[in-house]
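Following: one structure in structure tokens, then a few remarks.
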Amino acid sequence: MIEYAPPPDKSISIRAVLLAAFAKGRSRIRHCLKCEDTAAAISCIKALGASVAEYEDYIEIEGGNIHSPDQ
């Protein structure tokens, strides 16, 4: 498992989410900024096939299985 704790910054948080979606295996992102833009990025990677579990203080992303969205 890869674990990363970005500063609570929107741009860095979105980049961490995108990188985790493409990385094979499970990634844990701590201190991910929660806002509409990061929620939209998470929604997009879910549509592309990444598995996302959101917890109180971190997000786990199972990546490496990206495919074209159904919609």
Hey, what do you get for [atom1] ([X]) to [atom2] ([Y]), rounding to the nearest 0.5 Å?
{"X": "Ile29", "Y": "Thr38", "atom1": "CD1", "atom2": "OG1", "result": "10.0 Å"}
{"X": "Ser13", "Y": "Ile42", "atom1": "OG", "atom2": "CD1", "result": "9.0 Å"}
{"X": "Leu19", "Y": "Ile61", "atom1": "CG", "atom2": "CD1", "result": "9.5 Å"}

Salt bridge (Lys or Arg N to Asp or Glu O under 4.0 Å) filter on Lys10, not counting sequence neighbours, yields Asp37
In chain order, what residues pass the side-chain contact (heavy atoms from CB on, under 4.5 Å) check against [X], with sequence neighbours excluded?
{"X": "Leu18", "answer": "Ile14, Ile45"}
{"X": "Ser11", "answer": "Asp9, Arg15"}
{"X": "Leu48", "answer": "Ile66, Pro69"}

Which residues share a ring-ring contact (aromatic ring centres under 6.0 Å, His included) with Tyr58, sequence neighbours left out:
Tyr55
State, with a plain yes or no, whether a side-chain heavy atom of Asp57 is found less than 4.5 Å away from one of Arg30.
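Yes. Closest side-chain heavy atoms under 4.5 Å.
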Any Cys32 side-chain heavy atom under 4.5 Å of Val17 side chain
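Heavy-atom side-chain distance check passes, below 4.5 Å.
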State which residues pass side-chain hydrogen bond (donor to acceptor under 3.5 Å, both in side chains) with Arg26; sequence neighbours excluded, sorted by chain then number.
Glu62
Under the side-chain hydrogen bond (donor to acceptor under 3.5 Å, both in side chains) test, which residues partner Glu54, sequence neighbours left out?
none
